[in-house]
Amino acid sequence: MLSKPMQEALNKQVQLEAESSQAYLAMASWAEIQPGLDGVTNFFYTQSDEERVHMLKLIRFINERGGFAVVPKLEQPIITFISLKRVFEEFLKHEIGVSESINELVHLSLSEKDYATHNFLQWYVNEQIEEEHLARTLNDKLELVGEDKGGIYLFDRDIMLFRNQGEKKRH
Ligand code: OFO
């Protein structure tokens with residue numbers, strides 16, 4: 001059975017994962033109306049779906065452990081960006097925030113002596129290592145490319161490859 005503080009903290013994480021899904025959906029939609037960013041568009045639609053899966057996993061876990069998972073109300077995310085670089089900076093910032101939140105949850109699970117939740121959260125800990133790494137790698141690549149159109153073309157062409165390489169390592 002989940003303690004009240006643990007249940008509340010997990011529900012906050014449900015909200016954060018839902019917000020991540022919305023934020024990446026907005027990035028996908030923005031990218032889709034820019035010329036030539038098919039790869040980036042695909043990348044963020046996929047990220048958005050993945051965040052929804054993270055949210056669902058939490059919802060199922062909370063309910064399974066005798067809690068009540070609350071489906072959250074969501075704010076509108078950022079919907080327009082001044083540049084592609086800005087999108088990826090936001091992406092990294094967001095992932096760092098999620099990692100911090102997961103760390104807090106792990107800390108709470110230990111102080112509540114809730115080892116089942118602690119065990120469950122390890123999957124998120126590993127996921128965040130990969131996601132942060134991916135976000136940093138993509139930011140580094142964009143930094144190298146600068147304003148070079150050819151470089152942006154290649155970045156867009158290869159972005160799903162970078163993502164899938166990370167996925168393979170994880171599974
Ligand atoms: Fe939910 O994995 Fe990133 O945010």
Side-chain angles (χ1 to χ4, degrees), residues 2 6-32 37 39-65 67 69-81 84-110 114 116-142 155 158-171:
L2 289 172
M6 197 72 249
Q7 185 180 177
E8 274 169 15
L10 286 168
N11 268 317
K12 270 202 198 133
Q13 190 64 31
V14 167
Q15 169 135 25
L16 193 51
E17 300 291 346
E19 284 168 358
S20 305
S21 181
Q22 287 286 90
Y24 300 156
L25 188 58
M27 289 175 185
S29 180
W30 177 85
E32 198 163 32
L37 291 182
V40 172
T41 300
N42 196 4
F43 175 83
F44 280 113
Y45 276 131
T46 309
Q47 282 299 121
S48 174
D49 282 350
E50 200 171 85
E51 297 300 345
R52 184 180 152 78
V53 171
H54 299 173
M55 176 193 69
L56 284 174
K57 229 173 143 76
L58 277 157
I59 288 179
R60 303 296 300 264
F61 179 77
I62 296 167
N63 288 338
E64 226 171 74
R65 300 274 326 281
V70 179
V71 175
K73 183 174 170 190
L74 299 175
E75 295 281 315
Q76 186 175 48
I78 301 173
I79 56 167
T80 55
F81 303 87
L84 186 62
K85 194 162 179 284
R86 199 48 197 271
V87 174
F88 281 89
E89 282 166 2
E90 283 296 326
F91 175 46
L92 176 60
K93 199 169 102 192
H94 199 90
E95 288 303 324
I96 291 173
V98 173
S99 299
E100 282 165 3
S101 170
I102 295 290
N103 283 347
E104 291 297 321
L105 277 174
V106 171
H107 181 76
L108 182 66
S109 68
L110 285 178
D114 183 347
T117 300
H118 182 266
N119 187 41
F120 168 77
L121 289 171
Q122 297 316 300
W123 185 87
Y124 287 84
V125 170
N126 289 325
E127 182 74 14
Q128 281 314 117
I129 294 172
E130 289 305 326
E131 298 233 306
E132 257 194 63
H133 174 68
L134 176 63
R136 275 183 223 286
T137 305
L138 295 174
N139 272 277
D140 290 348
K141 287 187 191 296
L142 276 181
F155 176 88
D158 293 342
I159 187 168
M160 288 307 277
L161 264 175
F162 305 138
R163 187 180 185 281
N164 295 341
Q165 280 163 2
E167 283 273 295
K168 249 191 235 150
K169 266 198 269 158
R170 250 182 287 172
H171 301 292

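Predicted model only: the values in this text are computed from it and were never measured. Indexing begins at 1, ligand by ligand and atom by atom, following the structure's order.
- Within Glu51, OE2 is the N, O or S atom that lies nearest to atom 3 (Fe) of ligand 1.
- Between Phe61 and Tyr124, the gap from one ring centroid to the other reaches at least 6.0 Å.
- Distances from atom 4 (O) of ligand 1 to the heavy atoms of Glu17, Lys57, Glu95 put Glu95 nearest.
- Here Glu50 fails the criterion, with no N, O or S atom under 2.8 Å of atom 3 (Fe) of ligand 1.
- Neither the backbone nor the side chain of His94 comes within contact range of ligand 1; no heavy atom lies under 4.0 Å.
- Those atoms of ligand 1 that come under 4.0 Å of a heavy atom in Val98, given as number and element, are 4 (O).
- Expressed to the nearest 0.5 Å, how far CE of Met6 lies from CD1 of Ile62 amounts to 9.0 Å.
- Taking the centre of each ring, Phe88 and Phe81 stay at or above the 6.0 Å mark.
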Exercise. May I have the step-by-step check of side-chain hydrogen bond (donor to acceptor under 3.5 Å, both in side chains) for Arg65 and Thr117, ending in yes or no?
Key: CA-CA 9 Å; Arg65 300 274 326 281; Thr117 300; 2.8 Å; yes
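- Within the 3.5 Å criterion, the main-chain N or O of Lys73 finds a donor-acceptor partner in the side chain of Gln15.
- Checked against the 6.0 Å centroid criterion, the rings of Tyr24 and Phe43 do not qualify as a close aromatic pair.
- With Glu130, Glu19, Met55, Gln128 as candidates, the residue nearest to atom 2 (O) of ligand 1 on a non-hydrogen basis is Gln128.
- Within His54, the N, O or S atom lying nearest to atom 1 (Fe) of ligand 1 carries the name ND1.
- Checking only distances, Glu127 never comes within under 3.5 Å of ligand 1, N or O to N or O.
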Exercise. Please assess His54 against Glu51 for the test side-chain hydrogen bond (donor to acceptor under 3.5 Å, both in side chains), listing each intermediate value before the final yes or no.
Key: CA-CA 5 Å; His54 299 173; Glu51 297 300 345; 3.1 Å; yes
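- Glu131 OE1, 2.2 Å is the protein heavy atom nearest to atom 3 (Fe) of ligand 1.
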